[in-house]
Protein chains: 2
Amino acid sequence: MKPGHLHPTEDCRAVSEVLSRVGDKWTVLVVQYLGTGPMRFSELKRTIGGISQKMLTTTLRGLERDGFVTRTVFPTIPPRVDYELTELGQELLTPVRALGDWARSNIIRIREARERFDETVL
Amino acid sequence: MKPGHLHPTEDCRAVSEVLSRVGDKWTVLVVQYLGTGPMRFSELKRTIGGISQKMLTTTLRGLERDGFVTRTVFPTIPPRVDYELTELGQELLTPVRALGDWARSNIIRIREARERFDETVL
DNA sequence: CGGTATCCACGGCGATACTG
DNA sequence: CAGTATCGCCGTGGATACCG
């Protein structure tokens with residue numbers, strides 16, 4: 001972190017790519033839950049609670065595309081689909097949890113800062 | 001990470017709050033640059049390179065509101081405004097960098113996964 | 001059950017012009 | 001120089017309905 005340049009054009013693009021995945025509305029939540037073990041579609045939907053069917057599908061497809069989860073279809077009737085974290089997904093969990101832990105530890109400071117700011121501006 | 005419940009309604013909301021800040025298009029980039037020391041508005045704009053004036057203002061206001069940066073106005077003509085990371089902002093840098101490092105280390109694996117996925121689906 | 005298809009509202013974001 | 005104001009595009013995400 002020394003050089004005065006810190007060239008964004010390559011590294012930061014990579015970071016942004018990952019962050020736009022991680023930073024979207026539902027990804028972290030889904031990854032968090034899958035971190036406890038494989039789950040089927042309806043199970044995820046029910047557990048998460050506020051997510052629409054469309055967004056859960058979209059989120060899972062994105063995670064699958066990036067190699068974070070696997071999708072296993074059981075050709076039964078009614079159908080059953082399991083989602084599970086890959087190696088890569090498990091590894092992602094580490095920095096995500098670190099950020100999550102930090103967020104939990106400092107959310108109060110942030111909220112206080114907001115209140116102060118909003119009050120000062122009004 | 002043992003309990004079978006993992007209650008989202010409080011903790012995960014906090015995490016999402018922080019992540020929606022961190023996950024937006026420019027925040028990480030700005031924080032990254034301010035991590036090297038205080039910078040003035042035009043300096044940030046010039047260095048980052050692709051950001052519009054409006055978005056830089058919006059991003060900085062958001063960071064200021066959350067207590068991550070301070071805004072110092074020098075009442076000169078022409079005016080000059082410095083932005084600097086707060087304690088909180090510095091601390092945020094740690095987990096953000098961890099995620100950034102992970103992203104840089106694994107971006108190749110992710111891109112490969114994407115190519116495989118896109119090819120399989122076509 | 002686990003999707004896809006369609007429609008639509010909202011907000012993020014950029015471009016441009018103006019101001020103290 | 002460091003903003004604010006306004007406009008308009010477009011992607012995200014929700015609601016609803018239908019399908020294998």
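Here is how names work: the chains are called A, B, and so on, in the same order as the sequence lines, proteins then strands, and each is numbered from 1.
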Response to the item:
Residues at least two apart in sequence or cross-chain that pass salt bridge (Lys or Arg N to Asp or Glu O under 4.0 Å) with A:R65, listed by chain then number, are B:D118
Fill in: Span of DNA chain D in contact with chain A (heavy atoms, under 4.0 Å)
D:dG13 to D:dG20
Worksheet item: Is any NZ, NE, NH1 or NH2 atom of the basic residue among A:E84 and A:R71 found under 4.0 Å from an Asp or Glu carboxylate oxygen of the other?
Response: no
Discussion item. For A:E64, is there an ion pair with B:R114 - N to carboxylate O distance below 4.0 angstrom?
Written reply: no
Worksheet item: Is any side-chain N of the basic residue among A:R109 and B:E91 closer than 4.0 Å to the acidic one's carboxylate O?
Response: yes
Discussion item. Please report the interatomic distance CG(B:L88) to CD(A:E112), rounded to the nearest 0.5 Å.
Written reply: 10.5 Å
Worksheet entry | Distance in angstrom units between A:R40 CZ and C:dC1 P, rounded | 7 Å
Item to complete: Give the rounded distance in Å between these two atoms: CD1 of A:I77 and C1' of C:dG3.
Response: 15 Å
Discussion item. Given 3.5 Å as the limit, does a donor-acceptor pair link the side chain of A:T86 with the main chain of A:G67, or not?
Written reply: yes
Practice prompt. State, with a plain yes or no, whether a side-chain heavy atom of B:V81 is found less than 4.5 Å away from one of B:R40.
Written response: no
Worksheet entry | Nucleic acid contacts - residues 52-71 of chain B versus DNA chain C, non-hydrogen atoms under 4.0 Å | B:S52, B:K54, B:M55
Discussion item. Whole angstroms only, please: what is the NZ-P distance between A:K45 and C:dC1?
Written reply: 11 Å
Worksheet item: When the nearest nucleotide of DNA chain D is assigned to B:P79 and to A:K25 on a heavy-atom basis, which residue is associated with the more 5' position?
Response: B:P79
Worksheet item: Looking only at atom types and distance, does a side-chain atom of A:T27 sit under 3.5 Å from a main-chain N or O of A:V22, one as donor and one as acceptor?
Response: no
Worksheet item: Looking for any heavy atom pair under 4.0 Å, which part of the strands does A:F74 touch: base, sugar-phosphate only, or nothing?
Response: nothing
